[in-house]
Amino acid sequence: MSAPAPLPRAFYARPVLDVARDLVGCVLAHGETSGVIAETEAYHDSEPACHAYVGLTPRTRTLFGPPGHAYVYRSYGIHALVNAVSEAEGIGAAVLIRALEPLDGLPAMRARRGLERVEDLCSGPGKLTQALAIELNGNDGDLVDGPIRILPRPPERPAPELIAGPRIGITKAAELPWRFCARGSRSVSKPWPPGLLPPRSGRR
DNA sequence: CATGGGATTGACT
DNA sequence: GTCAATCCCATGC
């Protein structure tokens, strides 16, 4: 049996909020490792939290490029964060992948992360790039036909119920509810939004 | 050309 | 709860 085809470019050439919602439940894959997307955030050049807010610069070139490419950048000098460039070419918009539920390549993920617990491997935007070995040189790579791929939601998995909340770790436009999490997922990054149903602390 | 601020994480008080 | 690590690049002189 063959692997499913990646999401088509038309998937990304839509409003970034739609792309952010629809990516939850899809599969991010790199090499032998992959995971189900549990959490995303949308960014758009019309609001100041987006890197593309400053316009077209060497840093933001990928964001303004064609949809369906990966925008990978270094955060806090340490971590690589991966986004899916969305909307039409010329619009600076992207969806940050914030958390995955590990699917394939668990041994490689554990080795790269130096951790054993499944729920700690990809439960943050910097963690998942380390687990999947996504580096800065993946910037501008084609998600439709490149080493970093995004595949449709596995048919045997039910469509996730989404919880929306404010984006994490930003100081500007922090009021926009542009973060989307899969309800009930143990892999979502902290802080958990209200209504997420934490794994065991939900009971009193 | 110097400076400052992150779309974070993990270790420590 | 607090805080340092560490690199890219936008900004301002």
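Computed from a predicted model, the values in this text were never measured in an experiment. Note on naming: letters A, B, ... go to the chains in the order of the sequence lines (proteins, then strands), and numbering restarts at 1 for each one.
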NZ/NE/NH1/NH2 to OD/OE distance under 4.0 Å, A:E135 and A:R74:
no
Is the shortest distance from a Lys or Arg side-chain nitrogen in A:E39 or A:R179 to a carboxylate oxygen in the other one below 4.0 Å?
yes
Can you tell me how far [atom2] of [N] sits from [atom1] of [X], to the nearest Å?
X: A:L121; N: B:dG10; atom1: CG; atom2: P; result: 11 Å
X: A:I168; N: B:dT9; atom1: CD1; atom2: P; result: 11 Å
X: A:R59; N: C:dC7; atom1: CZ; atom2: P; result: 16 Å
X: A:R74; N: B:dA7; atom1: CZ; atom2: P; result: 15 Å

Could you tell me whether the side chain of A:Y73 has a donor or acceptor atom within less than 3.5 Å of a complementary atom in the base of B:dA7?
yes
Can a side chain N or O of A:R167 be found less than 4.0 Å away from OP1 or OP2 on B:dT8?
no
Test: A:R167 cationic atom under 6.0 Å from A:Y43 six-membered ring centre, within 45° of axis:
yes
Just call it for A:I170: base, sugar-phosphate, or nothing, with non-hydrogen atoms closer than 4.0 Å on any strand.
sugar-phosphate
May I ask you to say what A:R113 touches in the nucleic acid, namely base, sugar-phosphate or nothing, with a heavy-atom cut-off under 4.0 Å?
sugar-phosphate
Work out how far the P atom of C:dA4 is from that of B:dG4, and round it to whole angstrom.
16 Å
Base paired to C:dT6 (Watson-Crick or G-U; both N/O distances under 3.5 angstrom):
none
